Amino acid sequence: MADPTTTPARPDAEVPDYVPATVEAKWQARWDARRANSPDLARGEKPFYQLMMFPYPSAEGLHIGNLYAFTGNDIHGRFQRLRGHTVFEPIGYDAFGIHSENYALKVGVHPSELIPRNIANFRRQLHRAGLMVDWSRELSTTDRSYYKWTQWIFLQLYHRGLAYKKRAAVNWCPSCKTVLANEQVEGGVCERCKTPVEQRQLEQWFFRITDYAPRLLKNLEKMDWSETTRTAQRNWIGASEGARVTFRVSDDGDRTDDISVFTTRPDTIFGATYLVLAPEHPLVDAITRPEQRAEVQAYRERAARQDLITRKTSKEKTGAFTGATAINPATGAAIPIWIADYVLMEYGTGAIMAVPGHDERDFDFAREFGLPIVRVVASEGVDPGAPLEAADVETTAARVVNSGEFDGMPVARAKERIVAWLASSGAAESVTTYRLHDWCISRQRYWGPPIPIIYCESCGTVPVPEKDLPVELPYVEDVRPDDSGISPLARHEEWYHVACPQCGKRARRETDVSDTFLDSAWYFLRYPSADREDVAFDAALTRKWLPVNSYIGGNEHAVLHLLYARFVTMVLHDAGLVHFEEPFTRFRAHGLIIREGAKMSKSKGNVVNPDEYIERWGADAFRTYLMFLGPYEEGGDFRDAGIIGVKRFLDKLWSSTHAATAQPASGSPDVDVMRKLHQTIRKVGEDIPRLSYNTAVAAMMEYMNVLRRGERTPHVDEVRPLVQMVAPFAPHIAEELWEKLGGRGSVLDGGWPAFDPALATEDEVALAVQVNGKLRGTIRVSKTITQDEAFALAMQEPNIAKFVTGTPKKVIFVAGRLLNIVV
RNA sequence: GCGAGCGUGGCGGAACUGGUAGACGCGCCAGCCUUAGGAGCUGGUGAGGCAACUCGUCCGGGUUCGAGUCCCGGCGCUCGCACCA
């Protein structure tokens, strides 16, 4: 049986077999021995920080998606190295978090045992892939020396007033007796036991990311990031321009509670026929009339029992009347105040003015409860008195009606005028509201960095002093969360009880750990200083290497991770700790690898194990194939069939190089081959920075076809540049062949092949000749031919001339491209 | 529902700012070499037609000398978000 990993020598040449496994093992060992991928960060010239999103080390091992991402990143990094940069390509593991903990619970192995095992496996797989990573600065977020500084970051935010504690709702499974993340709730029930999930209020730590919303939004404008990612962030931050309007509660006596609502449609205020508060709104108790109290209380309890998902997916309108009314500041009318779960406490002010005539949700609610519906906006030609069958949502042509002195005004102008009018009596102000919420970083779990806070009976909340960091994660045998909703850390008595750092009296530790997203929000700062014990990140190295030059990662992190990393960086910038506001100068999202048209998943049984492929085809062929199968930023379909083509290409590179070196280097390279070579150098050199890897590979294949045309043996000068260009994609074979060609050191030190535009130009071109826009032939002409000359030449071709009857009406000439004769 | 992206041979995909559609690769066909070939080499390969030629980039319009590319209207697929006032 033939072994696909070896290539028999061509009958006419003495060529050793190409055995990828041997070549790859040899060069991986050499790179390690020479510490080839560990640059001198302090002294290296032209620094280039090539960052990839670090993986979560799952038990299943390296996923094809990881490898796809890392290879694309590695190619870009190796290319920068060829271009003369000192390239830093670090690696780490995002190993804390619920994901890891749940898996550990499932298989019954303590996470502190399981995670190092997974990391070792990842390390082995990454190593075999031939990535140019600096192994000397590898880190894991679970390292004591790492999470010490994660806690330090928390303290920086705490000291700047950006970390605070408040009660907030979490999903609670009454059967599993545990807090669930939103992803663990499926259709309102616990994903494991199918019990309906409830809400529970818990004290949790938050970061004030909303304070930074305007800046996070504004900086997006000028950043060199994938457009899709910037749009996703913009939508996530979700700025809405509108007004805050105050409604006075009309009570029978001296109650003066005001209700503040947010609206993007102040122009419709004359149509606000009732108010709605979220069931959790703090004013509900105060305004509810005694006769409505029972009903309101029942509704609130019902809403509290509901899980967040169900509440947000059900469109049915429910609610309860509080018995109170408020004064519409525009009309002076008393309008009823309701509570309903379609109003969310987390957004705006947790209260709305309902305009059923022009909002679908308000319309549905008004219909359900028989509340008045008024038209206050009408398009041209619509009778202002016409009844509304459904909410009539604004059109740009619409004007305001039934709105007193504002009647007839276009909607856009009415917005401004009405706000200004209400503002004069203090009833309204223009505001921008964001849908972004403060970042809840508390996790009532075990596997994470303990939040460095101590609670003292006399001193209150006390941050752990820096000198006492890290607050070590103690070993707890049973890490399962219990029915208290409190982290398992609380059960570790010795750890839990602590002396107050301020007064020395009895105190207790915060038992929540922080969100994994905090670990990953600053890891890029740590990498260059990964070996430093005394600082989170060294000032000089940070100034030299950051911000990150090129960041590549998946779009699944387009929002949370990238936003949190930007936020933390901005805070550190404001604290004077880093010199830049934005951490990633350039970000590109890679696409997703699918298989047979479907996303890879264990349940579908279409998961590709990289180990098998690397074993069978070699890392070089596998890497190159991954890059060849589609546009990097769009992903592609992984089919086993295609890899053979890439393997053949590498086989040919191998045999051509050996054939070339077997000959004495007499004679000179072929002119046509050299022209194609220089065109290829230009093309590949343009494609790699654009991450257009598939077309770069195609261009090199094209050159290979030209190189091997005919019976001739290629010249070393025709082969050497190709070996250099291949190096980012297939680094092992490139090193081997570079050595064979007599190159010194690493192929990466040989630089990018010199491009000579003069050698790349053709002096003859094939000019397309069209008649009335239809192609009728091509003529070979000098590049500098004029329109008249081209026309004359074209007319000599019978196959073209026969379509041209009489004098042409018009002739269009695009130099070097085409001639279009219009008759 | 809202937002983003996509739709090109048997398949993965090329085609930069409108200018020879199908590069490159897989597969397939033929030939060579071989005891043999799931190896290698050479040539061919969008559809129809002997040919001249005609038709072809999801569908329908439009702009243009010229449209895969731009504009309008549909259909379909993928991914986010989802009662956000």
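Atoms considered below: every heavy atom in the structure, side chains included; atoms not considered: hydrogens, waters and symmetry mates. What you see is a predicted model, and the numbers here were worked out from it, not measured in a lab.
Between B:G38 and B:U45, the distance separating the two P atoms is 25 Å to the nearest Å.
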### Query
How does protein contact run along nucleotides 14-20 of chain B, one letter per nucleotide 5' to 3', with B for base contact, S for sugar-phosphate only, - for none, heavy atoms under 4.0 Å?
S-B--BB
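Partners of A:F262 under the ring-ring contact (aromatic ring centres under 6.0 Å, His included) rule, at least two apart in sequence or in another chain, do not exist in this structure. In this structure A:K652 satisfies the salt bridge (charged side-chain N to carboxylate O under 4.0 Å, His left out) test with no other residue, sequence neighbours excluded. Qualifying side-chain contact (heavy atoms from CB on, under 4.5 Å) partners for A:V284, counting only residues two or more places apart in sequence or in other chains: A:L277, A:H281, A:T288, A:V296, A:R300, A:I339. Listed by chain and number, the residues in a salt bridge (charged side-chain N to carboxylate O under 4.0 Å, His left out) with A:R566 are A:E582 (sequence neighbours excluded). Taking A:E429 as the reference, A:R244, A:V431 meet the side-chain contact (heavy atoms from CB on, under 4.5 Å) condition, with sequence neighbours excluded.
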Hey, what are the protein-to-nucleotides 43-52 of chain B N/O distances that come in under 3.5 Å?
from, atom 1, to, atom 2, distance (Å)
B:A52, O3', A:K802, NZ, 3.3

Pairs: protein N or O with nucleotides 24-30 of chain B N or O, under 3.5 Å:
from, atom 1, to, atom 2, distance (Å)
B:G25, OP1, A:N705, ND2, 3.2
B:C26, OP1, A:R648, NH1, 2.4

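In this structure, of B:C81, B:C84, B:G3, it is B:C84 that holds the atom nearest to the side chain of A:R361.
Legend: salt bridge (Lys or Arg N to Asp or Glu O under 4.0 Å) pairs involving residues 232-243 of chain A, not counting sequence neighbours: none detected. Residues in residues 681-697 of chain A take part in these salt bridge (Lys or Arg N to Asp or Glu O under 4.0 Å) pairs, two or more places apart or across chains: A:K683-A:D687, A:D687-A:R690.
Using a 3.5 Å distance cut-off with no hydrogens or angles, the side chains of A:R435 and A:S240 do not pair a donor with an acceptor.
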Show me the donor-acceptor pairs within less than 3.5 Å that the side chains of residues 767-775 of chain A make with the rest of the protein, sequence neighbours left out.
from, atom 1, to, atom 2, distance (Å)
A:N772, OD1, A:V823, N, 3.0

Please set out all donor-acceptor pairs under 3.5 angstrom arising from side-chain atoms of residues 350-359 of chain A, sequence neighbours excluded.
from, atom 1, to, atom 2, distance (Å)
A:H358, ND1, A:D392, O, 2.7
A:H358, NE2, A:V376, N, 2.9
A:H358, NE2, A:V377, N, 3.2
A:D359, OD1, A:R361, N, 2.9
A:D359, OD1, A:R361, NE, 3.2
A:D359, OD1, A:D362, N, 3.0
A:D359, OD2, A:R361, NH2, 2.5

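The pairing partner recorded for B:G31 is B:C41, the criterion being a Watson-Crick or G-U wobble arrangement whose two distances lie under 3.5 angstrom.
Using a 4.0 Å heavy-atom distance criterion, A:K774 is classed as a sugar-phosphate-only contact.
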